[in-house]
Amino acid sequence: MLTISRDKVIDILKGGVEPAAYCDSGDKVIFATRDCYDDDLITEETPNGVKEGGMANPATGPLYVNGAMPGDVLKVEILEIWLRGDGVMRTSPTAGAFHHLYKERTARRFYLGKNEETGREGFWFDDRLWLDCDAMIGVIGTAPEGEEGVPTDTPGAHGGNMDCNRITAGSTLYLPVHVPGALLALGDLHARMGDGEVMICGLETAGLVTVQVTVLEADEDERVSMMKGALPLLLGADRTRGDEQDSKGREQDSRGGEQDSDIGDKEGRSKEKGRELMTIQSAPTLDEAALLAAQRMRQLVAGLTGLNDVDSGMLMSLVSDLAVCQIVDPLQTVRCAFPMGVLKQYGVTLP
């Protein structure tokens, strides 16, 4: 299997960059990543690090996918995420929801291991609290439109630093192709991160990510044409099955099949459990990002199901969920999730 070394990293996604590797549509590829601090030595004693001239949010790649051409969609199945044995967090006196509380940077390093009772990967936050890992990819994207490119610390229509904690093993991400080969790159792994990334970071780490990349041509599948207006688009992993799987995602189902819906819970609210389809949108404000995410999801739902504007809007208001991915990057990111169990009842499947 092709492996792209952690020595092959970029800090800007753009066309014209020399590819780190080439592959064919349908191939599986391993990306070896650095952490978001460029693997600098961030510790309690050196919260500012020791490296000079390091990259911010380096992404491994780019990967040239043979046959990918502008107008296509790149399907990226996240098969496996393996994490190194530790992660780091640090405060910021200039950014994040709590920056006003900190006069200087401080840092903590956490060490991953297996819980003796559950066997799950995780870490001790302190001497009382154990937290399971929920490994995710913070930065993943293709080369955007235009010649200037977009830094890897910034999200956008091309993907990038979306910091969406649903981009985990078992999920499938659909990204636009703007340049020949797509030029896919990824990095910024988190062992765990809450929605919003409110302080400014998750548990930042590095590792190995195995993906399968497939080129989807819009003129061969009407669904792909509909999806193009809603990218980046994420088919999340089935999170109702988490108790049966390793928290690092080593045993996540990556086959892409939808799960049967399970309607109704103890609270009486209709809930279609299983996988969700999500639009991920970034904008200068959360309000703008939320509107974009909801509007593009409604348009996609209407196209896939044949529902009119009124019925698709009503259905969105009944079953879709908006959530904040992150509030700390140059643009802010919101996702809109729609249950695949509902789409399945309209006969919808995804390519």
query: So, Glu77 versus Thr172: side-chain donor-acceptor pair below 3.5 Å or not?
result: no

query: What is the minimum heavy-atom distance between Thr33 and Thr60, and which atoms define it?
result: CA-OG1, 3.4 Å

- prompt: Is the closest side-chain heavy-atom distance between Trp124 and Leu129 below 4.5 Å?
  reply: no

- request: Determine the minimum heavy-atom distance between Gln281 and Leu231, stating which atoms define it.
  value: NE2-O, 3.2 Å

- prompt: Does Leu13 sit in a hydrophobic cluster with other residues, and if so which ones, taking ILVMFWY side chains as linked at heavy-atom separations under 4.5 Å, directly or through other members?
  reply: Ile10, Val17

task: Might you confirm whether atom CD of Glu145 has over 12 heavy atoms from other residues, nucleotides or ligands at distances under 6.0 Å?
output: no

message: Using every non-hydrogen atom in the two residues, find where Pro155 and Thr333 come nearest and quote the distance to one decimal.
response: CG-OG1, 3.6 Å

- prompt: Does Arg192 come within less than 4.0 Å of Asp132, counting only side-chain N to carboxylate O?
  reply: no

task: Take Phe98 and Val198, measure what side-chain contact (heavy atoms from CB on, under 4.5 Å) needs, and give me the verdict at the end.
output: CA-CA 8 Å; Phe98 318 124; Val198 290; 3.8 Å; yes

- prompt: Taking it one step at a time, do Glu288 and Thr285 satisfy side chain to side chain donor-acceptor pair (under 3.5 Å)?
  reply: CA-CA 5 Å; Glu288 292 173 278; Thr285 69; 2.9 Å; yes

Evaluation steps, side chain to side chain donor-acceptor pair (under 3.5 Å), between Arg223 and Thr349: CA-CA 9 Å; Arg223 296 170 300 174; Thr349 59; 3.0 Å; yes

Salt-bridge criterion met for Arg34 and Asp188 (N-O under 4.0 Å): no

- prompt: Is there a donor-acceptor contact under 3.5 Å from the side chain of Asp39 to the main chain of Asp35?
  reply: yes

- line: Closest non-hydrogen atoms of Thr46 and Leu41, given as atom of the first, atom of the second and distance, are OG1-O, 2.8 Å

- prompt: To the nearest 0.5 Å, how far apart are CG in Asp329 and CD1 in Ile200?
  reply: 8.5 Å

Neighbour count above 12 (heavy atom, 6.0 Å) for Glu222 CD: no

- prompt: Can you tell me how far the CH2 atom of Trp130 sits from the CZ atom of Phe123, to the nearest 0.5 Å?
  reply: 8.5 Å

Lys/Arg N to Asp/Glu carboxylate O, Asp86 vs Arg109, below 4.0 Å: yes

Straight-line distance of Ile78 CD1 to Arg166 CZ, nearest 0.5 Å: 15.0 Å

- prompt: How long is the span from the CG atom in Leu233 to the OG1 atom in Thr279, to the nearest 0.5 Å?
  reply: 7.0 Å

task: Give, for atom CG of Asp221 and atom CE of Met227, the distance between the pair rounded to the nearest 0.5 Å.
output: 8.5 Å

task: Evaluate the side chain to side chain donor-acceptor pair (under 3.5 Å) criterion for residues Asp134 and Asn165: first the C-alpha distance (whole Å), next the side-chain angles of each, then the deciding distance (0.1 Å), finally the verdict.
output: CA-CA 8 Å; Asp134 191 6; Asn165 63 17; over 6 Å; no

statement: Scanning both residues in full, the closest heavy-atom pair of Ser25 with Thr214 reads OG-CA, 3.5 Å

message: Does either side chain, that of Asp153 or that of Asn161, offer a donor lying less than 3.5 Å from an acceptor on the other one?
response: no

statement: Correct closest heavy-atom pair for Ala143 and Val179 would be CB-CG2, 3.7 Å

query: When rounded to the nearest 0.5 angstrom, what distance separates CD in Gln299 from CE in Met226?
result: 10.0 Å

task: If a pair satisfies side chain to side chain donor-acceptor pair (under 3.5 Å) and one of its residues is in residues 93-104, list it, with sequence neighbours excluded.
output: Ser92-Thr94

- prompt: Which pairs count as ring-ring contact (aromatic ring centres under 6.0 Å, His included) when at least one residue sits in residues 59-81, sequence neighbours excluded?
  reply: Tyr22-Tyr64

